[in-house]
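This report refers to the structure that appears directly beneath it.
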Amino acid sequence: MAQYTLWVGNKNYSSWSLRGWLMCRLAGIDFEEVLVRLDEADRWARFRKFSPAGRVPTLKDGDAGGTPVVIWDTMAIGEYLAERFPERKLWPADPVARARARSVCAEMHSGFAPLRNQLPMNMHRTKPPPKWDADAQRDIDRVQELWRDCRQRFGAGGPYLFGPLTLADCFYAPVVSRFTTYRVPMDGVCSAYCEAMWEW
């Protein structure tokens, strides 16, 4: 039985679940993945059996010093894994880059509501791109501004936001999928980043 258990929704549609799953993969841990349905009326009661907040993703470490530890938020999951596995370098080593990585993750975690609402994640999407409003376009522009800044200032060591893969890339992976499936216009820097992420 795996030490870690991760409860997630369908990763094709649930951006939060995809982030948590990618973090666990990046950390290199052996974990049991438990897929739960997001579209049933009794969701709250079902999710409360494994998550105090009734949400996914939720990670359980079944052997953290003898007492199971339950973490139910993507930011918290990322920080927990980074502390448990410092050798995996889930955050950039440089303090300035690390502060920027945490900032861009926090901005993704708490912002971009128009982008989320008007371009919902669907990894299987093949329809022509819809029209989105000025608020969503402002979010799209801001995301690309973040990507360009990270790549220019910190990305010399690889094709990802901070060079090597970090938690920041896990946070923006669902946006990469949105920009790809909705055919969002991008410049060369952002297109190259999306291609590298899509391949990963």
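It should be emphasised that the depicted structure is a prediction, and the values quoted were computed from it without experimental measurement.
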For [X] against [Y], the heavy-atom pair lying closest together:
{"X": "Arg98", "Y": "Pro92", "value": "NH1-O, 3.2 Å"}
{"X": "Phe162", "Y": "Cys150", "value": "CZ-SG, 3.6 Å"}
{"X": "Gly54", "Y": "Phe47", "value": "O-CD2, 3.4 Å"}
{"X": "Pro174", "Y": "Leu18", "value": "CG-CD2, 4.1 Å"}
{"X": "Ser14", "Y": "Gly9", "value": "CB-C, 4.4 Å"}

Measure the spacing between [atom1] of [X] and [atom2] of [Y] and express it to the nearest 0.5 Å.
{"X": "Glu32", "Y": "Lys60", "atom1": "CD", "atom2": "NZ", "answer": "8.5 Å"}
{"X": "Asn122", "Y": "Ser15", "atom1": "CG", "atom2": "OG", "answer": "12.0 Å"}
{"X": "Thr180", "Y": "Trp198", "atom1": "OG1", "atom2": "CH2", "answer": "5.0 Å"}
{"X": "Lys127", "Y": "His124", "atom1": "NZ", "atom2": "NE2", "answer": "14.0 Å"}
{"X": "Ser177", "Y": "Lys11", "atom1": "OG", "atom2": "NZ", "answer": "13.0 Å"}
{"X": "Leu167", "Y": "Arg88", "atom1": "CG", "atom2": "CZ", "answer": "11.5 Å"}

For residues [X] and [Y], determine if any side-chain heavy atom of one lies less than 4.5 Å from a side-chain heavy atom of the other.
{"X": "Thr166", "Y": "Asp169", "answer": "yes"}
{"X": "Tyr172", "Y": "Met197", "answer": "no"}
{"X": "Pro57", "Y": "Ile77", "answer": "yes"}
{"X": "Trp147", "Y": "Cys194", "answer": "yes"}
{"X": "Val56", "Y": "Trp16", "answer": "no"}
{"X": "Met123", "Y": "Thr181", "answer": "no"}
{"X": "Trp132", "Y": "Val184", "answer": "yes"}
{"X": "Ile71", "Y": "Thr58", "answer": "no"}

Test side-chain contact (heavy atoms from CB on, under 4.5 Å) applied to Arg125 and Arg178, step by step:
CA-CA 9 Å; Arg125 191 179 186 285; Arg178 287 176 165 98; over 6 Å; no

Would [X] and [Y] show up in the same hydrophobic cluster when neighbours are defined by side-chain heavy atoms closer than 4.5 Å?
{"X": "Val175", "Y": "Phe112", "answer": "yes"}
{"X": "Val34", "Y": "Val70", "answer": "no"}
{"X": "Tyr13", "Y": "Val176", "answer": "no"}
{"X": "Val189", "Y": "Leu165", "answer": "no"}
{"X": "Phe85", "Y": "Tyr80", "answer": "yes"}

Heavy-atom donor-acceptor pair, [X] side chain to [Y] backbone, under 3.5 Å:
{"X": "Arg102", "Y": "Ala97", "result": "no"}
{"X": "Arg48", "Y": "Pro52", "result": "yes"}
{"X": "Gln144", "Y": "Cys190", "result": "no"}
{"X": "Arg19", "Y": "Phe171", "result": "yes"}

Should the pair Trp7 and Phe50 be assigned to parallel (<30°), tilted (30 to 60°) or perpendicular (>60°) ring geometry?
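Trp7 and Phe50: parallel rings.
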
Output, in order, the C-alpha distance, side-chain angles, deciding distance and verdict of salt bridge (Lys or Arg N to Asp or Glu O under 4.0 Å) for Arg55 and Asp73.
CA-CA 8 Å; Arg55 297 186 178 191; Asp73 179 89; 5.9 Å; no

When the ring centroid of Tyr182 is compared with that of Phe179, is the distance short of 6.0 Å?
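Tyr182 vs Phe179: aromatic centres not under 6.0 Å.
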
Going through the distances and angles, do Leu146 and Met108 end up as a side-chain contact (heavy atoms from CB on, under 4.5 Å)?
CA-CA 10 Å; Leu146 287 170; Met108 181 74 256; over 6 Å; no

Any donor-acceptor pair under 3.5 Å linking the side-chain atoms of [Y] with those of [X]?
{"X": "Gln3", "Y": "Asp61", "result": "yes"}
{"X": "Trp91", "Y": "Glu79", "result": "yes"}
{"X": "Arg84", "Y": "Tyr4", "result": "yes"}
{"X": "Gln137", "Y": "Asp141", "result": "yes"}

Considering only NZ, NE, NH1 and NH2 on the basic side and carboxylate oxygens on the acidic side, decide whether Asp139 and Arg116 come within less than 4.0 Å.
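Looking at Arg116 together with Asp139, the answer is no, because their closest N to O distance does not fall below 4.0 Å.
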
Under a 4.0 Å threshold between the charged nitrogen and the carboxylate oxygen, would Glu145 count as salt-bridged to Arg138?
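Glu145 and Arg138: not salt-bridged.
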
In residues 22-29, what donor-acceptor pairs under 3.5 Å come from side-chain atoms, sequence neighbours left out?
none

Crowding at CZ, Arg151 (>12 non-hydrogen neighbours, <6.0 Å):
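Enclosed.
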
Results of side chain to side chain donor-acceptor pair (under 3.5 Å) for Asn10 - residues two or more places apart only:
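If we apply the side chain to side chain donor-acceptor pair (under 3.5 Å) test to Asn10, skipping adjacent residues, the hits are Asn12.
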
